[in-house]
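Below is one structure, written out as structure tokens, with a few remarks after it.
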Amino acid sequence: MKLHILGAAGEVTGSNYMIETNGYKVLVDCGFHQGQDEEKHEGEAFTYNPADIDALILTHAHIDHSGRIPLLVKQGFKGKIYCSYATSELVEILWNDSARIMEEDAQWRSRKNLRIGKPKAEPLYGIKEVEETVGLRAPLNYNEEIELLPGLRVRLREAGHILGSSIVETWISEEGQKTVKVVFSGDIGSKDGVIEKPPVFIEDADFVLIESTYGDRLHKSLEDTRLEFQETVKAALKTSAKILVPTFVVDRAQRMLYEFDLFQKQFPE
């Protein structure tokens, strides 16, 4: 058994792992690189043949974990995409949104290229590839252990990150060798969940591939964070100031609406 780390190592985005045995190749996540990582990896090809991949397991819908799956399909992947039911619904929305954004960006680049004699820009994938990808989804229940392929058992557990987010437990067996348990954390939420349930505690594993974006810092408590938010809103209301809230990823807007609703109920005047 081999584990290939093909993204999000030494960087924040572009999650992509591969489990390889003598019998199959299975991916866990296949996401876009974003921000500074996007510039570094622009135009980069897959380091494997998508047609050789037997299945894909998706931890959650965020584009840095799911965004390149339609490109995988465009280049020959025909296996099933396993994820939670909520992720299955969310990711369809995000893939369609991503395809439209890339189409608009390609049109803008093409106009710019035309002025300087460069070729037309093409999006990585379009709505057609998204429709094909949507047809490959195979949603799973939380906590249900299934044999995904001969020699590969999988179970999704609550990760507490966004709606549908999962920790992936895998049990990998090869003939004549001991079964190995490998856990992929995906992105993990706070134990003090607000909208989502807290992440499940995984008690045992042989190998763990864990998200560690904020592993070098301590966050404020939920109580302190909420107090800071409420004091900011109160100060703005006193002076009729405006508050700008960046909500660039799925779940941030929902969380802000929740906190504003809570604030209004606590301070109705």
Side-chain angles (χ1 to χ4, degrees), residues 2-20 25-77 79 81-84 87 90-103 105-106 109 121-126 129-130 133 136-137 159 161-162 164-168 170 182-189 207-217 246 248-252:
K2 295 180 181 177
L3 286 175
H4 304 273
I5 301 172
L6 305 169
E11 56 193 355
V12 177
T13 60
S15 293
N16 192 201
Y17 307 106
M18 183 194 292
I19 304 168
E20 181 180 5
K25 292 179 181 177
V26 171
L27 296 183
V28 177
D29 290 345
C30 188
F32 272 139
H33 293 91
Q34 297 177 304
Q36 293 180 343
D37 295 341
E38 182 178 0
E39 297 175 11
K40 185 171 66 175
H41 294 280
E42 187 173 12
E44 189 173 76
F46 291 117
T47 58
Y48 46 84
N49 182 357
D52 293 339
I53 304 302
D54 296 288
L56 187 147
I57 308 166
L58 179 59
T59 60
H60 65 289
H62 277 153
I63 286 296
D64 62 322
H65 289 256
S66 71
R68 293 217 296 172
I69 298 177
L71 179 62
L72 201 72
V73 172
K74 182 179 180 180
Q75 295 186 7
F77 172 70
I81 301 164
Y82 297 92
C83 59
S84 69
T87 294
L90 265 180
V91 80
E92 181 177 358
I93 298 168
L94 295 188
W95 284 335
N96 276 291
D97 187 52
S98 178
R100 292 189 184 96
I101 290 171
M102 286 192 292
E103 178 63 32
D105 184 61
R109 289 193 184 197
E122 296 288 346
L124 288 178
Y125 57 79
E129 287 77 27
V130 169
T133 308
L136 299 177
R137 294 171 302 170
H161 177 54
I162 66 168
S165 59
S166 304
I167 298 168
V168 178
T170 66
V182 182
V183 174
F184 300 85
S185 76
D187 287 354
I188 301 175
F207 298 96
V208 177
L209 287 82
I210 189 166
E211 181 257 342
S212 59
T213 303
Y214 300 109
D216 62 347
R217 70 189 74 174
F248 297 122
V249 296
V250 173
D251 88 328
R252 293 286 172 82

Could you tell me whether the side chain of Asp29 and the main chain of Gly31 form a donor-acceptor pair under 3.5 Å?
no
Is a donor on one side and an acceptor on the other found under 3.5 Å between the side chain of Ser166 and the backbone of Gly164?
yes
Are [X] and [Y] close enough that some pair of their side-chain heavy atoms sits under 4.5 Å apart?
{"X": "Leu72", "Y": "Arg68", "value": "no"}
{"X": "Ile93", "Y": "Val250", "value": "no"}
{"X": "Cys30", "Y": "Phe46", "value": "yes"}
{"X": "Lys25", "Y": "Tyr48", "value": "no"}
{"X": "Ile188", "Y": "Ile210", "value": "yes"}

[X] side, atom [atom1]; [Y] side, atom [atom2] - distance, nearest 0.5 Å:
{"X": "Lys2", "Y": "Ile19", "atom1": "NZ", "atom2": "CD1", "result": "14.5 Å"}
{"X": "Ile81", "Y": "Leu56", "atom1": "CD1", "atom2": "CG", "result": "6.0 Å"}
{"X": "Ser98", "Y": "Asp105", "atom1": "OG", "atom2": "CG", "result": "10.5 Å"}
{"X": "Leu124", "Y": "Glu103", "atom1": "CG", "atom2": "CD", "result": "11.5 Å"}
{"X": "Ile69", "Y": "Leu58", "atom1": "CD1", "atom2": "CG", "result": "4.5 Å"}
{"X": "Met102", "Y": "Phe32", "atom1": "CE", "atom2": "CZ", "result": "4.0 Å"}

Shortest non-hydrogen contact from [X] to [Y]?
{"X": "Pro70", "Y": "Ser66", "value": "CD-O, 4.0 Å"}
{"X": "Arg109", "Y": "Ala121", "value": "CB-CB, 3.7 Å"}
{"X": "Val130", "Y": "Trp95", "value": "CG2-O, 3.6 Å"}
{"X": "Ala55", "Y": "Ile53", "value": "O-CG2, 3.3 Å"}
{"X": "Ala99", "Y": "Gly126", "value": "CB-C, 3.9 Å"}

Given the rule in the side-chain contact (heavy atoms from CB on, under 4.5 Å) test, do Val73 and Tyr125 qualify, once you have shown the distances and angles that lead to the verdict?
CA-CA 9 Å; Val73 172; Tyr125 57 79; over 6 Å; no
Return the orientation label for the His161 and His60 ring planes: parallel under 30°, perpendicular over 60°, tilted otherwise.
perpendicular
Only one of Val28, Leu6, Val26 forms a side chain to side chain contact (heavy atoms under 4.5 Å, CB included) with Met18, so which one is it?
Leu6
Can you tell me which residue among Thr13, Asp187, Asn16 is in a side-chain hydrogen bond (donor to acceptor under 3.5 Å, both in side chains) with His65?
Asp187
Glu122 meets the salt bridge (charged side-chain N to carboxylate O under 4.0 Å, His left out) criterion, sequence neighbours left out, with none
By salt bridge (charged side-chain N to carboxylate O under 4.0 Å, His left out), Asp52 pairs with (sequence neighbours left out) none
